[in-house]
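Structure first, then comments.
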Amino acid sequence: MPVFEVKTAQRNYSAVVERGILRRVREYIPERAGKLFIVTTRDVWELHGTALEQHLSGAEYKTLFFPGGEANKRLSEMENLADGMLAGGADRSSVVIGFGGGIVTDLAGFAAATFMRGVRVLQIPTTLLAQVDAAVGGKTGVNLAQGKNLIGSFHQPLAVLIDPELLATLPPREYRAGLFEVIKCGIIRDRALFNLLDSCSETLLSFDPGLVLDSIAAAVRIKAEVVSADEREGDLRRILNFGHTVGHAIEAETAYVRFLHGEAVAWGMLAATKLAELLHLLPDADAFAIRRCICRYGPLPPAADLDPARLVARLGSDKKTVQGSVHFVLPTAIGCVRIISGVERELIHQAISLALRP
Ligand code: GLY
């Protein structure tokens, strides 16, 4: 069972990748914990609620339902959660359990970070995207109409319990969208992982249990290393944003309803790869391989109708823009990236146009 230690100033904790870890959930709840508040969606609860309830045996808990969807990841839902917690008798000894995809773990984490100025959270991600990215590393938050995660905090969990068995019910589109975040990890830091994903797409897409577990473990290892080196994204952690600069703009431009996060990131990785090529930073063969690999996990919902000028304009309200300068994470080879700022808008526009209209 791969266990990855995340070591941060706020808290050290384990991200455990293990089939059936849900059955051991009680081991990760502190002995003197107060009431548990499970933040989830009705569809996740219908599929996996009974299993979680069974293994919480004896613990006092209340389930709080969030309507789901990126468009609902807003402050108003946070208020609903806080109301639900208060009504359920929450106090500072309470523990929030984020039980769902990345939207749920982001929102549950932020609710925990702010309720009575902070209570503990245990993350149990149920989608691949949340297992390999969102639930690990303590980023929590909600969206504004202008952009993603513009309000939030770093709030590290007690642990992240990553159970690949929970993915058996995941719709194929969601599974593929999560795999784009695994591909991201390969491109930014691990050529061997990238090569594995590039050469074994059929096996991975057919949900081979061993390969699924190995791919998740590889991505979580990278995430744990990066977050442990730079919890608050002052430096190294920025590499995890590869594909997210344009990806977030695409999500905001389409009101968070047309693309899954991983799909928008895939388009964003294609745009960043094109930009790296235009800046002569990336060898042609690597750019070709990145496009080929992303394509193997497609098809992506088309993005050719999006106006590149509007996407460029949106980059200004991204968190990664500092003093008006957009920061891009650009590949210089598979397994290596650089943070580049001060790229001319014309060139960004060109890269987005070429990437979205293949
Ligand atoms: N999803 C990027 C990060 O956690 O830093």
Side-chain angles (χ1 to χ4, degrees), residues 4-11 13 15 17 70 73 98 100-110 112-113 121 123 125 127-143 147-157 159-160 162 174 177-190 193 215-216 218-252 256 259-269 272 318-322 327-331 337-339:
F4 302 98
E5 294 305 321
V6 184
K7 295 185 175 148
T8 67
Q10 206 178 89
R11 182 188 289 283
Y13 60 94
V17 183
E70 195 73 60
K73 201 177 91 176
I103 296 168
V104 166
T105 57
D106 278 8
L107 192 76
F110 194 35
V121 62
Q123 297 287 21
T127 64
L128 180 60
L129 189 126
Q131 294 191 344
V132 297
D133 187 51
V136 184
K139 276 191 181 175
T140 73
V142 295
N143 303 327
K148 258 191 94 147
N149 300 330
L150 289 178
I151 300 181
S153 74
F154 291 93
H155 191 60
Q156 302 294 346
V160 188
I162 299 167
E174 292 243 10
L179 288 172
F180 292 120
E181 288 278 3
V182 185
I183 294 173
K184 177 198 82 176
C185 289
I187 298 171
I188 62 172
R189 214 168 150 89
D190 188 342
L193 172 62
S215 308
I216 294 174
V220 174
R221 173 182 52 76
I222 291 170
K223 182 97 197 229
E225 280 168 13
V226 171
V227 171
S228 298
D230 175 23
E231 178 186 10
R232 291 188 166 245
E233 204 174 299
D235 187 21
L236 182 70
R237 188 165 180 169
R238 292 189 292 170
I239 70 173
L240 297 172
N241 293 327
F242 174 54
H244 287 60
T245 309
V246 172
H248 281 175
I250 290 175
E251 286 183 276
Y256 303 106
F259 297 91
L260 297 175
H261 175 64
E263 294 167 344
V265 167
W267 279 118
M269 291 194 289
D318 194 85
K319 288 193 302 312
K320 294 173 283 304
T321 296
V322 179
H327 290 59
F328 279 97
V329 183
L330 299 183
V337 285
R338 262 173 64 187
I339 313 289

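Atoms within a ligand are numbered from 1 in the order they appear, just like the ligands themselves. As a basis for the values below, the full set of heavy atoms in this structure was taken, side chains included, without hydrogen atoms, waters or symmetry mates.
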Gln123 side chain vs Thr105 backbone, donor-acceptor pair below 3.5 Å: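 Side chain of Gln123 to backbone of Thr105, a donor-acceptor pair under 3.5 Å: yes, one is there.
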
Non-neighbouring partners of Lys73 that pass salt bridge (Lys or Arg N to Asp or Glu O under 4.0 Å), sequence neighbours left out: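 By the salt bridge (Lys or Arg N to Asp or Glu O under 4.0 Å) rule, Lys73 matches Glu70, Asp106.
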
All salt bridge (Lys or Arg N to Asp or Glu O under 4.0 Å) counterparts of Glu5, not counting sequence neighbours: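 With neighbours one apart ignored, the set is empty.
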
Test item: side-chain donor near acceptor, Asn241 and Glu233, under 3.5 Å: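 Note: Asn241 and Glu233 side chains meet the donor-acceptor criterion.
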
Proximity of His261 and His244 rings by center, below 6.0 Å: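 Yes, they do, as the ring centres are separated by less than 6.0 Å.
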
Counterpart residues, side chain to side chain contact (heavy atoms under 4.5 Å, CB included), relative to Val104 (two or more places apart):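 Testing Val104 for side chain to side chain contact (heavy atoms under 4.5 Å, CB included), a comparison that skips the adjacent residues, returns Val39, Thr41, Phe66.
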
Just the distances, no angles: every ligand 1 N or O to protein N or O pair closer than 3.5 Å, one line each.
from	atom 1	to	atom 2	distance (Å)
ligand 1	1 (N)	Asp133	OD1	3.2
ligand 1	1 (N)	Asp133	OD2	2.9
ligand 1	4 (O)	Lys223	NZ	2.5
ligand 1	4 (O)	Arg237	NH2	2.7
ligand 1	5 (O)	Lys139	NZ	2.9
ligand 1	5 (O)	Arg237	NE	2.7
ligand 1	5 (O)	Arg237	NH2	3.3

